[in-house]
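For reference, the structure discussed in these notes is given below.
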Amino acid sequence: MADIFDVVADETRREILQILLENLTTSTGEMSVSELVSRTGLSQPTVSKQLKVLREAGVVGVREDGQHRLYHLDPTPLEELEDWVIPFLSVNFPGSSSDEFGERLFASEAVTAAGSSVGSAAATTVFQVTQAFGDLQHSTKEAVNKLTSGLRKKGRK
């Protein structure tokens, strides 16, 4: 598996992650390759190649729906980046008073922690609901197809 820092170092992969994040908050959270191609303006092979890297790093998940592969963001591996960056944000930089810096740091850490917790919980919940809804849709389609097929067979006899 690629190092998460290498994964997000690529501008194209960051763009795809940003699009999936925006889609997560405004839609079902899943997008097809063709939708990502349309949004990025990149070629289908380029988008597919970058999605493979993101998938292998665990930052993007995929669900098959018939012949379509639907991709969604999984932010869990990005927590490694967050854990690495946080100590750098808590350094008392020259030119700032300790009181001023402490207040700024406390506010920043509190907001970041709250935002991270809420965002992570919301993303996880949205993902789980989306997956459950997708599974329900898939199961319902299968049941309808089986029922329809059975009724057709009975009608022929």
Side-chain angles (χ1 to χ4, degrees), residues 1-139 141:
M1 180 164 75
D3 180 68
I4 192 67
F5 292 91
D6 292 333
V7 172
V8 298
D10 182 85
E11 184 178 348
T12 302
R13 291 192 287 266
R14 287 194 312 270
E15 180 181 6
I16 291 170
L17 289 173
Q18 184 65 40
I19 291 168
L20 289 171
L21 176 63
E22 290 168 4
N23 191 58
L24 180 69
T25 61
T26 60
S27 186
T28 64
E30 295 180 314
M31 295 182 80
S32 67
V33 173
S34 59
E35 290 173 309
L36 287 164
V37 165
S38 175
R39 289 279 306 270
T40 61
L42 299 169
S43 69
Q44 184 273 326
T46 299
V47 171
S48 292
K49 176 184 171 187
Q50 299 305 334
L51 282 169
K52 180 181 179 195
V53 174
L54 292 168
R55 228 180 31 250
E56 289 173 350
V59 181
V60 168
V62 64
R63 179 178 69 87
E64 293 188 21
D65 184 23
Q67 293 182 352
H68 301 283
R69 295 173 64 92
L70 301 172
Y71 295 87
H72 59 271
L73 178 66
D74 182 355
T76 306
L78 297 173
E79 290 175 4
E80 182 181 346
L81 287 172
E82 180 184 38
D83 293 344
W84 185 83
V85 168
I86 286 176
F88 290 91
L89 300 175
S90 61
V91 172
N92 189 3
F93 292 102
S96 65
S97 73
S98 59
D99 289 343
E100 173 189 318
F101 182 78
E103 290 172 14
R104 193 173 75 236
L105 177 61
F106 175 75
S108 173
E109 284 181 350
V111 170
T112 300
S116 179
S117 295
V118 171
S120 179
T124 300
T125 302
V126 168
F127 173 71
Q128 290 171 341
V129 169
T130 301
Q131 287 297 104
F133 184 71
D135 292 346
L136 180 62
Q137 280 183 313
H138 181 72
S139 298
K141 285 179 185 178

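Heavy-atom basis, side chains included; hydrogens, waters and symmetry copies ignored. Keep in mind it's a predicted model, so treat the numbers as computed, not measured.
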### Message
For T12 versus Q50, what's the shortest heavy-atom pair and its separation?
### Response
CG2-CG, 3.7 Å
### Query
From D65 CG over to E30 CD, what is the distance, rounded to the nearest 0.5 angstrom?
8.0 Å
### Message
Side chains of L36 and I19, heavy atoms from C-beta outward: is any pair under 4.5 Å?
### Response
yes
### Query
So do V53 and D6 actually touch side chain to side chain, heavy atoms under 4.5 Å?
no
### Query
Does K52 have any side-chain contact (heavy atoms from CB on, under 4.5 Å) partners at least two apart in sequence or in another chain, and if so, which?
R55, E56
### Query
Quick one: does R69's side chain have a donor or acceptor within less than 3.5 Å of a partner on S32's backbone?
no
### Query
Are L20 and I16 close enough that some pair of their side-chain heavy atoms sits under 4.5 Å apart?
yes
### Query
Hey, what do you get for CG (D83) to CG (L78), rounding to the nearest 0.5 Å?
11.0 Å
### Residues which pass salt bridge (Lys or Arg N to Asp or Glu O under 4.0 Å) with R39, listed by chain and number, not counting sequence neighbours
E22
### Message
So, taking the atom named CG in L73 and the one named CE in M31, what distance separates them when rounded to the nearest 0.5 Å?
### Response
12.0 Å
### Shortest non-hydrogen separation from A57 to V7 and the atoms involved
CB-CG2, 3.6 Å
### Message
The criterion is side-chain contact (heavy atoms from CB on, under 4.5 Å); which residues satisfy it with V33, sequence neighbours excluded?
### Response
V37, Q44, V47, S48, L51, Y71
